[in-house]
Amino acid sequence: MAGEYTLIPEQAFSDFISGTLHQDTDAYAKLLEAGFLVDDTSALSLDLLAVKLRTKLSNISRFTSLHMIVVTLRCDHSCPYCQVSRQSEDKEKYDISPETAGKAVDLIFRSPSRDIKIEYQGGEPLLNFASVEFITKYAVSLASKHNKNVSFVIATNLSRITDDMLQFCKEFDVSVSTSLDGPKDLHNLNRPMSGADSFERVASGVDLTRRFLGRSSVSALMTTTEASLGRVKDIVDTYVEMGFPGIFLRPLSPYGFAIKTKTYSKYDTRRWLDFYDEGLEYILQLNRLGVDFSEFYSSTILKKMLTPFSPGYVDLMSPAGIGIAAVVYNYNGNIYASDEGRMRAEMGDETFRLGNVHANSYDEIFTSDELLEPLERSFTGSVPMCSDCVYEPYCGAEPVYHHATQGDFVGFKPLSGFCERNMHVIKRLMSIVEGGSADSRTLRRWSIR
Amino acid sequence: MIALQGYGIGLKEPARRGSRIFRLSTDDKRPGVLAKQECFLSKDGKFPPAFAAGLCLGDYVPATGYDHGIWALPEQLLYLGDGDIVRIGEIGEIRVLFRKNAPMNYFLLTERCNNLCLMCSQPPKNVLDDYLGDEVEEVIKLVPENTDAIGFTGGEPALLGGRFLDLIQLASSYLPNTDLHVLSNGRQFVDASAARRLGAIGHPRLVLGIPLYSPSPATHDYVVQSKGAFNETVAGLYNLKEAGVRIELRVVVHRQNFTQLTRLANFIFRNLTFVEHIAFMGLELTGYARANIDSLWIDPWNYRSVLSEAVLRLYDYGMNVSIYNLPSCLLEQPVRSFSRKSISDWKNEFVAECATCGARGECCGFFASAGMRQNSHITAL
């Protein structure tokens, strides 16, 4: 559970489980050092394991730190993979109201977490920048009142970014997360807007943002679509060329286009794995040539595998990160356990709706059956095929994914794309780490990013 | 190798009996109020009045005398200078306690120890040596305030208990801007309250250098010749961390542990992530190491690749790591930059091959005490 592992010969393993492994063997020493075996010389072993487990799970005691607020559903893009945005001029209908925003922020500061992060989501948040300003200022005042740290990030396509907005971001230490799907043709195909110049707008927006806020203040996230699958090198090259320190090769989303068109299946997971393998190999090749560039999905898993720390990545936690690591406040006051949960809601599935800022108290929301039920059911320590999986400490519970794909919070793992994907990625990473080449050094460095 | 003691030739007999600790001064205009507690160091045999003792670089006959005598320095101590601190006995025995120009001065707090390490360079003695603490107390008050670093060593300094804490407190109060490096095996801090008392002093420049030889309790206990030492040391490390005391791990590499270095690196990163620095150190062939040479010696050339692996692993994991006491030519190229010129200046030497070496400026050289055993892999870089 603490994430320790050690590699020993198969014969030594059978000796170990049959209780005949000799004390003078290498395998015995390795098992003892990693805490798999305790004898009269290693009285401290259990205490060390306890400390490591406590460190790994410390994010639970801090409770919800990431709070996403959907300030508007309006957007100037019409990406087919997005389930939520609206091409509407009707501000009244799809923008968050000051009353709703204020109540959301009040709830946010009920969280016991000392460090609060507020992420502005959309739609396109810049289309309702007045709410961004209002919420930021109110949150800053509450943070000083409650003696908490608060930080902000805007998830934006950057098409509408202005000097004035960036001046505000600079003043209130707001960072920027944008969408970049790859080279121009792919990006503009994935992310259509009137003028068909989304890529150019992102590129100049990234440059402008860096000028105001600094090089590392803007990060980018890609969405993998069918059109992306054969083009991982082009996508990576785009990120390298634009000066990003790494890329998150995101899994295909089961929430968007794929589910809707009923084509999401294991077949898609296989294709994504080829995409990932090719991308990882290409990125490692760049590192061999001296380019310091990471793949963030790998580094998240490597942190769980190789370090005593926890990456705090919502989709790879057990208990699941829904609600207790991250929570979403929608423009209309509805509260969802995750961003994917909100997307499900826009498709008519309200399973992950925890309440509404106008109708429910903090206690009602965070002790609701809608939250506790999926958390408890999906806990990997007790889920069939997870509880006895050797990779369990490096994986996580994903109740929203399994609900979306299989109709329940647990899912049948042999049919789970999530399971297949993580098994593959973890094995791949472990074989490289233990392979002893220059690549294993690269992966170790990623593990502490 | 710089000598730290010798006998002076009496030029003027002392008027008073007993040995005393003096700060040396070369200033013949020194105000009497200070001079009366100090020892004048004369180049030319002239001695101003008012000093308590005198040392002389040559064999002159001084005109006047001092309470604690005037002595001609033996050849090996001619390096002494202004600000150094010495003890002078009544028959001219001179011990150097502090050298102002040395990068590091270690003070021995006790010769007693609860470990009996196979390679101990300072074999412990079970003697009542409380006078050592008294001496250190006196010296600390004389050490200049702008000194970069001093160290406490042993034996096991923490065995002194309350006296140990008093000396840390004294250093903290008199030398708040001086790094204080304490060599301890950490076992006393298995008692969390001892760790808390040390932490409560709040000396911001205190670092405990604690040895860990293996991730395997059996191996570590064998190396330190004490059952249960590993568990006490590791528990002590946790207690010290909790008490806010900064820690450096020191790993002397030898035949008993060299195969385990990468496992040790993993263990440190997984379990002792909080340590500030890890130093891998070559074996000093002195003290017990000479007696146990057959079970300890391995040519560093033969463990160079496993050492590189351990060092780079810790480095890649973001840990602060160094190599001490190993000449650069015995290290693989990727880890040479981790090597520090660490051997105390009075212990290091070079051999003939080093004369043409371009890396000599960055190299720590060899322990004069051991000559590194004639090593065929020493090569000019």
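None of the values given here were measured: they were computed from a predicted structure. Every chain is numbered from 1 and lettered A, B, ... according to where its sequence line falls, protein lines coming before strand lines.
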> Less than 4.5 Å apart, side chain to side chain, heavy atoms only: is that true for B:Tyr315 and A:Arg441?
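B:Tyr315 vs A:Arg441: side chains touch.
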> In terms of heavy-atom proximity below 4.5 Å to chain A, should B:Phe267 be classed as side chain, backbone, both, or neither?
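Contact with chain A: side chain only.
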> Is the NZ atom of A:Lys233 crowded by more than 12 outside heavy atoms at less than 6.0 Å?
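No.
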> Give me the atom names and distance for the closest heavy-atom approach of B:Tyr317 to A:Ile448.
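Of all heavy-atom pairs spanning B:Tyr317 and A:Ile448, the closest is C-CD1, 3.4 Å.
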> For A:Asp26, is there an ion pair with B:Arg263 - N to carboxylate O distance below 4.0 angstrom?
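Salt bridge flag = yes for A:Asp26 with B:Arg263.
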> Under a 4.5 Å cut-off applied to non-hydrogen side-chain atoms, are A:Trp446 and B:Asp316 in contact?
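The answer is no; the side chains never approach within 4.5 Å.
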> Give a yes or no on this: more than 12 heavy atoms of other residues, nucleotides or ligands lie within 6.0 Å of atom CZ of A:Arg215.
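No, because the 6.0 Å sphere around CZ of A:Arg215 holds 12 heavy atoms or fewer from other groups.
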> When you compare the side chain of B:Phe269 with that of A:Thr307, does any pair of heavy atoms fall below 4.5 Å?
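Yes, their side chains come closer than 4.5 Å.
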> What residue in A:Gly3, A:Gly436, A:Ala2 has the most heavy-atom pairs under 4.5 Å with chain B?
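Sorted descending by pairs with chain B, the first entry is A:Gly3.
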> Counting only non-hydrogen atoms closer than 4.5 Å, can you tell me which residues of residues 186-220 of chain B sit against chain A?
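Within residues 186-220 of chain B, near chain A: B:Pro215, B:Ser216, B:Pro217.
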> Please rank A:Leu32, A:Leu306, A:Asp40 by heavy-atom pairs under 4.5 Å with chain B and give me the top one.
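That would be A:Leu306.
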> If you count every heavy atom of other residues, nucleotides or ligands that lies below 6.0 Å from A:Asp47 atom CG, does the total exceed 12?
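Yes, the 6.0 Å shell around CG holds more than 12 heavy atoms from other groups.
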> Give a yes or no on this: more than 12 heavy atoms of other residues, nucleotides or ligands lie within 6.0 Å of atom CD of B:Glu332.
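Enclosed: over 12 neighbouring heavy atoms sit under 6.0 Å from CD of B:Glu332.
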> Please state whether the side chain, the backbone, both or neither of B:Glu309 comes within less than 4.5 Å of a heavy atom of chain A.
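Side chain only.
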> With the side chain counted from C-beta on, respond yes when A:Phe309 and B:Thr273 share a heavy-atom pair under 4.5 Å apart, and no when they do not.
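Contact flag for A:Phe309/B:Thr273 side chains = yes.
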> Please classify the contact between A:Leu49 and chain B as side chain, backbone, both or neither, with a heavy-atom cut-off of under 4.5 Å.
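No part of A:Leu49 comes within 4.5 Å of chain B.
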> Working to the nearest 0.5 Å, report the span between CG of B:Asn231 and OG1 of A:Thr41.
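B:Asn231 CG to A:Thr41 OG1: 7.0 Å, rounded to 0.5 Å.
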> If you measure from CG on A:Leu44 to CD on B:Glu232, what distance do you get to the nearest 0.5 Å?
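Interatomic distance, A:Leu44 CG to B:Glu232 CD, rounded to 0.5 Å: 10.5 Å.
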> Any chance NZ of A:Lys52 has more than 12 other-residue heavy atoms, nucleotides or ligands included, within less than 6.0 Å?
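Enclosed: over 12 neighbouring heavy atoms sit under 6.0 Å from NZ of A:Lys52.
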> Taking atom CE of A:Met242 as the centre, report whether more than 12 heavy atoms of other residues, nucleotides or ligands fall under 6.0 Å from it.
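Enclosed.
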> Step through the shown structure and confirm whether more than 12 heavy atoms of other residues, nucleotides or ligands are within 6.0 Å of CZ on B:Phe274.
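Counting other residues, nucleotides and ligands, CZ of B:Phe274 exceeds 12 neighbours.
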> Please round to the nearest 0.5 Å and tell me the distance separating atom CD of A:Glu4 and atom CG of B:Asn271.
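The CD atom of A:Glu4 sits 6.0 Å away from the CG atom of B:Asn271.
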